[in-house]
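Accompanying notes for the structure given below.
Predicted, not measured: the structure shown is a model, and the values here were computed from it. Sequence positions, counted from 1, serve as the residue numbers for this chain. Whatever order the structure lists ligands and atoms in, that order sets their numbers, starting from 1.
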Amino acid sequence: MEKINSREPQLGERIGRRIIFFPLPLQGHINPMLQLANILHSIGFSITIIHTKLNSPNPTNYPHFTFHQILSEFDEYSDILSLLTMLNEKCVEPFKQALSELLGDKSGDPIGCLISDAILYFTSDVAKSFNLPRIVLRTGGVASFLTFAAFPVLLQKGYLPIQDSRLEEPIIELPPLRVKDLPVIKTSQPEKLYSLLHNMIQETKSSSGLIWNTFEELEQPSLTKLRQDFPIPIFPIGPFHKHIASSSSSLIPEDQSSISWLDKQANSSVVYVSFGSIASIEEKDFLEIAQGLESSKHPFLWVVRPGLIRGADWLEPLPQDFLDLLNGRGHIVKWAPQVEVLVHRAVGAFWTHNGWNSTLESICEGVPMICMPCFTDQLVNARYVSDVWGVGLQLENGNLERGEIEKAIQKVMVEKEGEEIRERVLCLKEKASICLRPGGSSYESLKSLKNYISLF
Ligand code: UDP
């Protein structure tokens with residue numbers, strides 16, 4: 001990204017304001033929050049990152065930031081929903097104490113504002129108690145956020161809770177979504193999910209502003225609706241990771257053999273497969289995926305994170321000679337340097353769970369997607385990828401069968417449909433690049449954000 005060079009301070013020139021960041025301690029939230037911190041540091045702000053011991057970022061990768069760990073004790077948690085609820089309960093006091101210490105320290109730049117993850121809604125009341133402006137970072141897409149905001153209506157109209165008999169029914173209020181695309185998660189306590197989302201939406205509405213890792217040209221209609229429904233300053237300044245190079249914030253070591261293996265493959269020949277940092281699958285689905293990849297005859301790079309297969313530590317369910325029989329056509333790693341992988345000339349398609357970061361990273365590199373969403377916003381993202389932007393196709397629910405997998409891979413990699421998808425995603429890639437240049441939508445939005453924060 002080029003310099004923001006109006007009459008304001010130049011890139012790197014210090015503004016004399018510190019911003020406090022508080023990321024949700026999950027990989028898909030830490031990455032964009034630290035990228036945003038890097039962007040704001042590069043335009044002159046000082047940065048302090050408050051973090052939990054759980055999934056703590058590595059401070060040595062960010063010598064230009066100050067880190068402040070809060071002392072929070074967490075109980076065991078059985079699922080992601082319990083973790084999110086617990087974070088909002090158990091972090092209140094330690095976060096208050098951290099803010100009190102940081103605001104009381106008069107030795108550095110004065111603190112201008114807090115930027116916290118939308119899901120950490122408890123930070124709203126704490127920030128208010130210190131009269132500290134709070135800006136929200138929503139790390140997902142706008143379309144899924146609007147769907148979350150519509151939950152009360154969806155409940156009232158009977159779309160929620162989801163009934164199996166209505167899965168194909170279109171949601172007239174939220175085209176092109178169908179009931180099966182609603183961003184829910186399997187839970188025995190749906191009330192807990194509704195309450196979490198309600199709090200997230202309310203405390204976002206009452207914030208001083210809302211930052212997005214998206215761009216105007218990608219989500220224009222959704223952003224227009226958002227501006228009507230959320231009358232606070234809105235800053236779509238994505239794609240974050242394309243502004244400036246920043247260090248990795250991976251919680252798991254990145255296996256660089258991913259790149260050396262890709263180096264040996266032909267251009268656009270490889271299917272990259274990854275389902276992100278949280279999703280898990282049944283063993284039978286895992287084996288079906290393995291067989292589908294095997295019979296597709298395309299080379300594949302597959303991220304099998306420890307914990308991906310329910311009930312297994314890592315690759316035990318895979319027949320021992322699976323990779324040997326492929327003669328180097330398949331490579332499996334525990335964690336990949338994903339952005340580097342997507343940039344690589346050898347990658348021809350991304351079989352993804354459609355977490356927002358993965359979706360955006362794929363778009364930015366012009367890589368067509370095979371979508372296999374697992375829960376929450378991934379379901380909405382996947383529908384937009386396949387039906388709105390036309391940059392991927394969906395492995396529809398229940399189709400996780402080797403023959404269907406093989407067909408989907410063939411379609412994207414060699415058939416006419418795949419060619420058209422590739423053209424569309426390259427067009428979006430170009431838009432993602434243009435929006436970061438002077439005069440581009442995200443560039444201008446970042447300028448407004450800088451001016452806005454400088455006033456606090
Ligand atoms: N990622 C990575 N290596 C991997 C898999 C994922 O670096 O092997 C990164 C990926 O680039 C993305 C993040 O982890 O930035 C995952 O975020 P996403 O929103 O896609 O999914 P989540 O993990 O939150 O479900």
Protein contact of atom 23 (O) of ligand 1 - nearest heavy atom, named by residue and atom, plus distance: Ser277 OG, 2.5 Å
For atom 24 (O) of ligand 1, closest protein heavy-atom neighbour: Gly28 CA, 3.4 Å
Side chain proximity check, Val136 to Tyr121, heavy atoms < 4.5 angstrom: no
Where does [X] meet ligand 1, judged by heavy-atom distances below 4.0 Å: at the side chain, the backbone, both, or neither?
{"X": "Arg305", "value": "neither"}
{"X": "Glu361", "value": "side chain"}
{"X": "Trp335", "value": "both"}
{"X": "Asn31", "value": "side chain"}
{"X": "Gln27", "value": "side chain"}
{"X": "Ser274", "value": "side chain"}

Any donor-acceptor N or O pair under 3.5 Å, side chains Ser296, Glu406: no
Check: Glu203/Ser124 side-chain N/O donor and acceptor closer than 3.5 Å: yes
Partner of Arg134 under side-chain contact (heavy atoms from CB on, under 4.5 Å), chosen from Leu120, Thr123, Ile115: Thr123
Polar contact flag for Ala336 and ligand 1 (N/O pairs, less than 3.5 Å): yes
Asp164, CG atom: more than 12 neighbouring heavy atoms under 6.0 Å: no
